[in-house]
Student: 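Before I ask anything, here is the structure I am working with.
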Amino acid sequence: MTPEEFRSAGHALVDWIADYRTRLARAEYPVQATVKPGAVIAQLPTAAPTHGEPFAAMLADLDTIVIPGTTHWQHPRFFGYFPAGGSLTSVLGDMVSAAFASIGLNWQAGPALTEVEQVMTDWLRDLMGLPATFSGVLQDTASAASFVALVSARERATAYGAARAGMQSGAPPLVVYTSEQAHSSVEKAALLAGFGREHIRAVPVDAAFRLDVAALTAAIAADRAAGFTPAAVLATSGTTAVTAFDPIAEIAAVTQREGLWLHVDAAMGGSAMVLPEYRHLWAGIEAADSIVVNPHKWLGVGFDCSLYLVRDPEHLVRVMSTSPSYLQTAVDRHVRNYRDWGIPLGRRFRALKIWFALRDQGTAALQTRLRAHIAWARELAAWASADPEWHVMAPVTLQTVCLQHAPAGLAGEALDVHTRRWAQQVNDSGAAYVTPALIKGRWVVRISIGADHTRAEHIRELWSILRAAACAPPAV
Ligand SMILES: Cc1ncc(COP(=O)(O)O)c(C=O)c1O
C-alpha cells in the first residue's frame, strides 16, 4: 500500500470507526457477540490470498464477519468484567505508534518513544498523588508487571542468588503472601517466578474482603518457624470480585518489619486515585516497593497499557539487565533504556495514546467521568437495597456493584442456579452484559460501570433489564 492508497483507505477506515462508535453509542448492536463457537473460522478462507484484495473487501468483512463475532466492551450497556479504556484519541495515538513502526530497543533507537514514556509515567504517578520517589515504565499488562515484581522480590530476598544459581541454589524455599481475593494473575506470577504452588499463601480476608493482617503476621511467623524464607506480600487495591482495598499501611508495617517486598496490584483501583477523595483507600502506598495500575482499565487509555512503578529502579535494572554489544550506545549512562525495566526487548510507542488521551480530555473531565461512574453505582445499589428481593452483596467502594436477587424461599444451590440463569438471560438478550462471580461460595452478579458511552439513562435501563430477567419464569 502506498502512502496515497493509505490516505484513501485510512479515511474510509476512520469513517468506519466513527460510524461504528456512533451506532454503538446509540446501542444499536447487541452487547454480547451473537455467534456460536467456530462461526468466525467457518467464514474465513483456509489460506492467505495469492493476489492482493481491495481494501473495500476488508471493510465489508468487518461488518459481516467481525461485528457479529464481537462483544462490544464500549457499548453503553456493557457492565462486565471491568471498564476497558476506549477513548477515540487513544485509538489515534495507537495509529501513530503503528505508523512509526519503530522499536525502542534502547534510547537511541527511539529517543522520543523513550522520553514521552518517561514523562507520561511521571504525569500518571503525579495524577494519582504518588511521591516522586517512584519511577515508572509501561508494560503490556498487570500480569507481566506482577511477574516482574515477584522476580525482583525473589532476587532481593536471595541477594541475587536465584539469578546466579537458578532454582538449584539449595536455599530454603521463598514464600509469597497474598489474599484469597487476589487476582489469578498474582498466583500465575508467583508460579512463573519459580516460587512454586506450595509456597503461595492465600491469606484470609475480613468481612469487607480486605486481607486480614493478623492472619498474614501469623502465616509469616509459621513459615519462619518451619525454616522457610518469607519474600513478598502482594496486596490488592481494588480486588477483582468486589473492588476491596487491602489495608496497605498495616501491611507495609509488616513488610518493613519483616524485610519483605511489598507489591500492590492496583490494576483496577489505582485509577480512582486520580480523585484525591479516594486516596485514603490506599493510605501507606508510598512504602510499597512496586505498584501496578492499568490505565487501560478505567482511565480511558486503550489496551494494552499497564503502568508499573518502582521505588528502586536500580534494583529493577540489576535484575533485568542484559547488555549485548549490539545494543550498547555512547549515551547509555545518561538515559533510560526501558528494555532493562521489564521482559521484552522491543517496545512500541505506547505512551503516545496516554499523551493524546490526557491532552484531549484534560484531567478535570477525566475526574468528572470517574465520579459519575461511582455516583451511578451508588444509585443502582440504593435501588436494589430498597427492594426486599434484592441484596447488595459487598460494599460499593467504587463503580462495582455485586447483586443477588433472592425471592422468598430460594436459598443455597437453588439460589445459585437462579442467579446464573438470569445473568445468562441478560447476556444472551444482548440488552446488557454482566458478569456472574462467586463471593463467599455463593453466586452473585457483578455490575462494573465505566464503558466509554455509558450515561445515567443506561443505568436506569440496566435496572429494568435486571429486574425483568430475574423475575421472568425460567425457560423450559
Ligand atoms: C485486580 C486485578 N489485577 C490484575 C488483573 C489482570 O490484568 P491484566 O489483564 O492487565 O494482566 C486484573 C484484570 O482483570 C485485575 O482486576
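Both counts, for ligands and for their atoms, begin at 1 and track the order of listing.
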Student: List by chain and number: which residues place a heavy atom under 4.0 Å from ligand 1?
Tutor: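 Its neighbours under 4.0 Å (heavy atoms only) are Phe82, Thr141, Ala142, Ser143, His183, Ser185, Gly238, Thr240, Asp265, Ala267, Asn294, His296, Lys297, given by chain and number.
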Student: Asp61: what forms a side chain to side chain donor-acceptor pair (under 3.5 Å) with it, not counting sequence neighbours?
Tutor: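 With sequence neighbours excluded, Asp61 shows a side chain to side chain donor-acceptor pair (under 3.5 Å) to no residue whatsoever.
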Student: Holding to side chain to side chain donor-acceptor pair (under 3.5 Å), I want the full list of residues that pass it with Trp261, two or more places apart in sequence or in another chain.
Tutor: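 By the side chain to side chain donor-acceptor pair (under 3.5 Å) rule, Trp261 matches Ser290.
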Student: What pairs with Arg23 under side chain to side chain donor-acceptor pair (under 3.5 Å), at least two apart in sequence or on another chain?
Tutor: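 Residues passing side chain to side chain donor-acceptor pair (under 3.5 Å) with Arg23: Glu28.
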Student: For Phe82 together with His183, are the ring centres under 6.0 Å from each other?
Tutor: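 That pair fails the under 6.0 Å test.
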Student: Does Arg359 count as lying over the ring of Trp355, i.e. NZ or CZ under 6.0 Å from the six-ring centre, within 45 degrees of the axis?
Tutor: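 Pair Arg359/Trp355 counts as cation-pi.
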Student: Can we call the ring centroids of His72 and Tyr20 under 6.0 Å apart?
Tutor: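 Judged by ring-centre distance (under 6.0 Å), His72 and Tyr20 do meet the cut-off.
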